[in-house]
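So the structure is just underneath, and the comments pick up after that.
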Protein chains: 2
Amino acid sequence: MARPRIGAERREEILVAFEACVARKGLAKTTLVDVAEQAGQPRPLVRYFIGNRDAMVTALIDRLLERGEAQFRRLPIGSTAEQAIDFVLDQVFADETANIVIMELWHLSLRDASLRARLAAIYERVILEIAALIDGPHPHDRAFCAVALALGAAFFRHLGLAVPNPANVHGASHRLLRSDFSAADRILSA
Amino acid sequence: MARPRIGAERREEILVAFEACVARKGLAKTTLVDVAEQAGQPRPLVRYFIGNRDAMVTALIDRLLERGEAQFRRLPIGSTAEQAIDFVLDQVFADETANIVIMELWHLSLRDASLRARLAAIYERVILEIAALIDGPHPHDRAFCAVALALGAAFFRHLGLAVPNPANVHGASHRLLRSDFSAADRILSA
DNA sequence: ATGTTTATTGTCCGAAATGACAAGATATTA
DNA sequence: TAATATCTTGTCATTTCGGACAATAAACAT
């Protein structure tokens, strides 16, 4: 009785194009025309299938956060804490263009409390999962520090600040997760 | 023979207003009208004293980076590495509104190679100064990790991800700087 | 006082982006 | 094939921002 709905696919195409534009020129400078050209569609179609600009941004956020969570679900169960933080270092913070879009989201969260909360929830979940894998005092704080180190290193890498030897970052994060570091400190100070 | 030049003071007022606007609503959404209102001056005066928008942004960047460097110069000479990283944690990443503007700069650096280089130079200098204070293998990489941890913790704090006990972050960064961690690791693994 | 440099005001223009919508085309089902 | 929901196109209005400039006021030196 009616033409078949292809809205879902169109939406997908548009969001892919939107993401490419955001990675290339930033969220603030990406216009509907940019997205339309990237998607090979006239601009009004973007409005028709997605809605206004806010709706498009919201859809992008949902898409990215969902993808981030899916990535964490790929973490093999039964991993050690060190394998988990290696996973975070090598997989989560690896893709450079994804990192750029994530940084765009981060920036957006500066003035968007709900987005900030969503980002916080994702990272907190990673921290909690790693914390559950380690022993010793303050597991949450130590996992926090390890993930913070991974985040900071990723941000620094984006700046062009290279670590001569990436293995040392892994070693440092492992060191933060080591269960009986206070024992080691006692040994060292003795 | 002429009216006295008050350009320097006006420039300062305008840049203070600009910074306040950027902290409040972000660089991209700060218009010349916003700055003019915040400064209590008509809009054309902003253009008269500063120039166009690019010039204003450039002036803000110079101002912030200069301030950042001045902050590092306040680090007492003869400090230990642990005092230095404490200084970074407690002083450099302390002021919340300054952090927001720094994050704006960081975001801007995503598409501005020269700004990216300037930011990198500042952080690299901090890393090098701390690296010079520690012994053992890979001093640069260990200093890199300690500063990355501080940066990541600051970014997480902005998200609202609180560390139950901030002292643990200090402890973790000290641990990364400890000179003979490989000896400790050997002891622990023995 | 007068001229000269600097500061201040008011106002306009053009570019660019978003939002809105009418009108036409297309595919499916009845 | 005809009705209808869906998709597509073309076009326009509004808003907002940045840039420019002429005209006026103020302060100081001579």
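We name chains A, B, ... by the order of the sequence lines, and we start the count at 1 in each one.
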Taking NZ, NE, NH1 and NH2 as the nitrogens, is one of them in [X] or [Y] under 4.0 Å from a carboxylate oxygen of the other?
X         : Y         : result
Arg142(A) : Asp135(A) : no
Glu66(B)  : Arg73(B)  : yes
Glu37(A)  : Arg43(A)  : no
Arg24(B)  : Glu104(B) : no
Arg10(B)  : Glu13(B)  : yes

Applying side-chain contact (heavy atoms from CB on, under 4.5 Å), name anything that partners Pro42(B), two or more places apart in sequence or on another chain. Pro44(B), Leu45(B)
What nitrogen or oxygen pairs link the protein and nucleotides 23-25 of chain C at under 3.5 Å?
none

Among residues 28-57 of chain A, which contact DNA chain D at a heavy-atom distance under 4.0 Å? Pro42(A), Pro44(A), Leu45(A), Tyr48(A), Phe49(A)
Determine the interplanar angle of the Phe155(B) and Phe155(A) rings, folded into 0 to 90°, and report it as parallel if under 30°, tilted if 30 to 60°, perpendicular if over 60°. perpendicular
